[in-house]
Number of protein chains: 4
Amino acid sequence: MNGEGAGRPESRRQRRIQRRKREILAAAARVFAEQGYANTTIREIAYQADLAEGTLYNYFGSKREILLGIVNDTDALMETVLLGGEGLEDREAFVQVVERGLDISEEQIPFLRTLFSEAWVDDEILQDFVDSQLERIYRRLTTYITDRIEAGVFRDVDPALAAQLILGMFGSLILPALRGVASLPAPRGRRALAEQLVDLLLKGIQAPEN
Amino acid sequence: MNGEGAGRPESRRQRRIQRRKREILAAAARVFAEQGYANTTIREIAYQADLAEGTLYNYFGSKREILLGIVNDTDALMETVLLGGEGLEDREAFVQVVERGLDISEEQIPFLRTLFSEAWVDDEILQDFVDSQLERIYRRLTTYITDRIEAGVFRDVDPALAAQLILGMFGSLILPALRGVASLPAPRGRRALAEQLVDLLLKGIQAPEN
Amino acid sequence: MNGEGAGRPESRRQRRIQRRKREILAAAARVFAEQGYANTTIREIAYQADLAEGTLYNYFGSKREILLGIVNDTDALMETVLLGGEGLEDREAFVQVVERGLDISEEQIPFLRTLFSEAWVDDEILQDFVDSQLERIYRRLTTYITDRIEAGVFRDVDPALAAQLILGMFGSLILPALRGVASLPAPRGRRALAEQLVDLLLKGIQAPEN
Amino acid sequence: MNGEGAGRPESRRQRRIQRRKREILAAAARVFAEQGYANTTIREIAYQADLAEGTLYNYFGSKREILLGIVNDTDALMETVLLGGEGLEDREAFVQVVERGLDISEEQIPFLRTLFSEAWVDDEILQDFVDSQLERIYRRLTTYITDRIEAGVFRDVDPALAAQLILGMFGSLILPALRGVASLPAPRGRRALAEQLVDLLLKGIQAPEN
DNA sequence: AATGAATGAGATTTCATTCAT
DNA sequence: CATGAATGAAATCTCATTCAT
């Protein structure tokens, strides 16, 4: 019974709702990224999502909840940056993680752009995201560096500071794309970019004989 | 006679106006930095500057003009980052410029915080500031690196990319202070911080025997 | 079936919007006529139209747009003054046009009152209305007089000046009603009024033997 | 004693104050005429009168008092329209009064323009001026016409209506100048204009044989 | 669920008036 | 008397949110 398809109908309904939510978040992220959260009206989001204004409120309780939805989505994605690279030789592991970071960043530009601009002034977002997600990446990197120093592979630098500087280097790569003034290189170029970053990081800028 | 105390009265009036403008900008920068431009009301700025709302409009034509006033002020200050360091040995020059950058950044935290949060979504600010001031710093650094490579002091890296990565490293140092989650080290610590950055930059993270 | 009651729903919506717009314009014209445009607040118009302030902005983009809406409406009505009277004997034609002018003016008193008071200082209104609508009436009258002179029915007067003076005479009739200090005579009296105006116009005030 | 010039010093002071008041009224009338009362700022009036804003308040207690000052001044002038013409032959008397009306109107255009635009919506002005000054002119004209009818010089028309229509004719002559879309003819042309008005008024527009 | 008209609190901005200098 | 900076009430307009259909 229950006509075609069956399955728990509840689940189908849930899936439809989730899909609709994602569509709304994607539309909202696009507009937020372009105009900023405060300058964006619900009407504009509704228009971009091809829905009536009131309909949005069936999926999100407020404009702010849409923003937090974006933050969460981005959160989830950041997780994946850290996956992979395990068991590889150091240099290659580094390069792959950087490259993957570039890939993900590009896909998520509107989300990241929204995220960063609002994180400056919104304490809840700042804590939910920056002080949880970035902190995790930062800690993981610190631990890794500490290990490598102990293994004698890295020089005896301050691991926390080194982690911070490395994240800064990575940030400088995606910043222009985030700001919308330049786009990231094509996938092939990204590999080269990652290699150059890692090269500089490992060997420094000074000529060896110095 | 006619020592200080006389002078053209026009000039005294002008000075009073300029002083009042600076007071307003300082108050506004504080509030913008905390709450963001869009969330800040004229009423709040006026309250912080200890003036009536209408009085602000005797000095700035609109809320936005106040924001642009902050951008301009910051502009002027950024100039000074690049001064000094000429003629010093490379390592020391680098260290001093980084240190000075930290000093100036600290003084200007509310202004910088305002600036960066709004530059994301405000094209005029983005172009007036980021694409003029930062670009200058970036170009100067690129030129410097190119020289050093030609002189055989630096390895043969991509100078533009290296400059970008270095700016990213510097950015990572002031970011926590800008975000308000940590403050910069005391002046003595800043010297050490600058040295560590320069050390990592010059020699890399890899152990020498590698 | 599908008699009245169906129709494209778009069209029904459009009609509802148009009706609402007219309601707002009527309320606004009443208030403008009493207090003048500048002295009238949006709040007052909204109150008179029995709507919230914000609702007005769903129909008109600004207070000024409401004013222009009134001007346009009046424009459209003025057209009809000139209709009719064709083919009648001169005296009767004149009388009928004057009478119709009185009728229309009475219906439109709040609109006309608004219009005239603002036309003094608002160039756009002055040109959109006075210099297009009144000009048309004026030209038509001039042409008519010229014809009549050539036909030997009217004396050899300056047709343009005569037209101007006639419009002034008509204006003096509706002015008291427009100012709100007196109302126009009842319809029957209007015919008599029109006849007296035309009589004076045709034969002058001087006794014949003079 | 009392130094040079003597005279009651009070009186000299009074004269200076009166002169200053007139200067302010003239400046205000110019600006009001151009932009309307509500759109004009005290700052603009002060600028045109070459005074500081606060200084105006030494002469007039409020912006509105300046407006009423203009109304009064105009009032005083209107008086003079009616002077003269006594004892002249009818036609010439009419012509001279009309001509003088044109002369005075031209001199006073900014004042009249201000007056008429505000009289629409300001009951105090409407009553103080229109319903006192115009009423006087209107009554005088009515009386005159009644006399003339009794003397058999004028036809048996409704004197009140005739007076109204005549004022309307005169109004139509100065209206374009008042509106700022045309200027009055040069003095010589004014005589001709007045003669044409009077001619039409006395003999009508119809050809005699009709 | 979907719609979009209605709502009204709240923001920016203007400007007549005051008052210390 | 003259000045013009300071004041703050009041006006216009925006827009997140609600709710009847």
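Below, chain A is the first sequence line, B the second, and so on; all start at residue 1.
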Return yes if a side-chain donor-acceptor contact under 3.5 Å exists between A:R15 and A:S11, otherwise no.
yes

Quick one: B:Q14 CD to F:dG4 P, roughly how many Å, whole number?
12 Å

In whole Å, I'd like the distance from the CG atom of B:D50 to the C1' atom of F:dT7.
13 Å

Could you tell me the separation between the CG atom of C:L51 and the P atom of E:dG4, rounded to a whole number of Å?
19 Å

Closest non-hydrogen atom pair, A:G180 against A:R113
N-NH1, 4.3 Å

Protein heavy-atom contacts under 4.0 Å, written 5' to 3' over nucleotides 15-21 of chain F as B (base), S (sugar-phosphate only) or - (none), form the string SSBB---

I need the A:R22 CZ to A:R19 CZ distance, nearest 0.5 Å.
8.0 Å

So what does B:Y59 hit on the nucleic acid, given a heavy-atom distance under 4.0 Å: a base, only sugar-phosphate, or nothing?
sugar-phosphate

Which atom of B:K63 lies closest to which atom of B:T40, heavy atoms considered:
NZ-O, 2.8 Å

When rounded to the nearest 0.5 angstrom, what distance separates CD in D:E124 from CG in D:L67?
9.0 Å

Within the structure provided, determine whether D:F60 and D:L68 are in side-chain contact (heavy-atom separation under 4.5 Å).
no

Grab the CZ-C1' distance between B:F60 and F:dA5 for me, whole Å please.
15 Å

Here the gap from C:K21 atom NZ to C:I66 atom CD1, rounded to the nearest 0.5 Å, amounts to 10.5 Å

Rounded at 0.5 Å granularity, tell me how far CZ in B:R30 sits from CD1 in B:I109.
14.0 Å

Is any side-chain N or O of C:R13 closer than 4.0 Å to OP1 or OP2 of E:dT3?
no

Stem finding on DNA chain E, please: runs of three or more consecutive Watson-Crick or G-U wobble pairs, both distances under 3.5 Å, sorted by first number.
E:2-21 with F:2-21

Taken to the nearest 0.5 Å, the spacing of C:W120 CH2 from D:T114 OG1 works out to 10.5 Å

I need the CG-P distance between B:L56 and F:dT7, as an integer number of Å.
10 Å

Rounded to the Å, how far apart are B:Y47 OH and F:dG8 C1'?
17 Å

If you take any heavy atom closer than 4.0 Å to DNA chain E, which residues from residues 16-23 of chain C end up in contact?
C:R16, C:R20

Would you say the side chain of D:L51 lies within less than 4.5 Å of the side chain of D:R20, judging by non-hydrogen atoms?
yes

Side chains of C:Y37 and C:D122 in contact at under 4.5 Å (non-hydrogen atoms):
no

Integer-rounded Å distance: E:dA11 P and B:F32 CZ:
14 Å

